[in-house]
Amino acid sequence: MALAIPFGSVANKEQLERGLHVAISETVRIPPESIDPAIKNYHWLDLVKGLFDAYDKGAETALIVDTNGHIAEGPGFNVFVVKDESLRTPAFGVLPGITRRTVFDLCAEIGLSATTVDVSRAEIKAADEVFITSTAGGIMPVTRIDDTAIANGLVGSITRRLMELYWQKHDDPAWSNAVSYP
Ligand SMILES: *Cc1c(COP(=O)(O)O)cnc(C)c1O
């Protein structure tokens with residue numbers, strides 16, 4: 001299936017500049033045994049409940065947890081943590097998004113290590129940088145999780161570099177297909 005709609009973004013212009021404020025919800029992502037998360041679907045009661053929890057806490061969007069209590073993903077996006085110049089993203093119970101895949105490709109190109117692993121709540125709050133990924137917005141910085149500022153609370157340099165590279169690739173014929181309209 002293919003659909004064409006106006007481009008939307010999880011983060012607005014201001015949030016892209018200063019980083020999103022995210023709350024970790026107690027809501028558990030529906031287990032893969034119930035709904036295969038690798039299939040893009042809108043069975044979103046878990047993600048929407050997580051979003052409402054986040055709004056109640058004064059945050060802008062949510063991360064919810066997997067059945068083992070690790071970080072899973074948010075409403076329409078995957079998440080990455082950067083620690084000591086290595087990138088990690090949850091392995092289990094998530095939609096393996098195309099933008100997540102693109103981050104792996106970009107990291108290979110610029111020589112950064114990126115792996116899929118379990119990511120704990122403590123680990124994400126102690127990260128040097130955090131960002132989320134979605135077709136809706138690309139690579140988007142996170143600078144606060146619950147009441148914790150990520151590192152110095154500013155958008156990190158690796159996140160900035162990947163954001164720039166991601167948008168540059170849209171004009172690179174090796175990465176894009178031009179559509180000619182009649
Ligand atoms: C769409 C979506 C993503 C992001 O996938 P992309 O292919 O990068 O747009 C991540 N998680 C969920 C639950 C989604 O629905």
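Every number for a ligand or one of its atoms is a count from 1 in the order of the listing. The figures that follow rest on heavy atoms only: side chains count, while hydrogens, waters and symmetry mates do not. For reference, positions follow the sequence shown, starting with 1.
The protein non-hydrogen atom at the shortest distance from atom 9 (O) of ligand 1 is Thr135 OG1, 2.6 Å. Protein heavy atom at the shortest distance from atom 4 (C) of ligand 1 is Gly76 O, 3.5 Å. Considering only non-hydrogen protein atoms, atom 12 (C) of ligand 1 sits nearest to Glu73 OE1, 3.5 Å. In terms of protein heavy-atom proximity, atom 7 (O) of ligand 1 is closest to Ile98 N, 2.8 Å. Ranking protein heavy atoms by distance to atom 8 (O) of ligand 1, first place goes to Thr99 OG1, 2.7 Å. In terms of protein heavy atoms, atom 15 (O) of ligand 1 is closest to Lys40 NZ, 2.9 Å.
In this pair, Phe80 and Phe131 present their aromatic rings parallel. The plane angle is below 30°, not in the 30 to 60° band. Between Tyr166 and His170, the ring-plane angle classifies as perpendicular under the 30° and 60° cut-offs.
A single hydrophobic cluster is seen to contain both Val79 and Ile158, as judged by linkage of ILVMFWY side chains at heavy-atom distances under 4.5 Å, directly or through other members. There is a path of hydrophobic side-chain contacts, each under 4.5 Å, that joins Met140 to Phe104. Taken together through direct or relayed side-chain contacts under 4.5 Å among Ile, Leu, Val, Met, Phe, Trp and Tyr, Leu63 and Phe92 form parts of separate hydrophobic clusters.
In this structure, Arg29 counts as a contact residue of ligand 1, since one of its heavy atoms falls inside 4.0 Å of the ligand. Under the 4.0 angstrom criterion for non-hydrogen atoms, Trp44 is in contact with ligand 1.
Taking any N or O of Ala136, backbone or side chain, none lies under 3.5 Å from an N or O belonging to ligand 1.
Using a 4.0 Å cut-off between heavy atoms, Arg101 makes no contact with ligand 1 at all.
Around atom CD1 of Ile110, more than 12 heavy atoms belonging to other residues, nucleotides or ligands sit under 6.0 Å away. Residue Asp147 places its CG atom among 12 or fewer non-hydrogen atoms of other residues, nucleotides or ligands, all under 6.0 Å distant.
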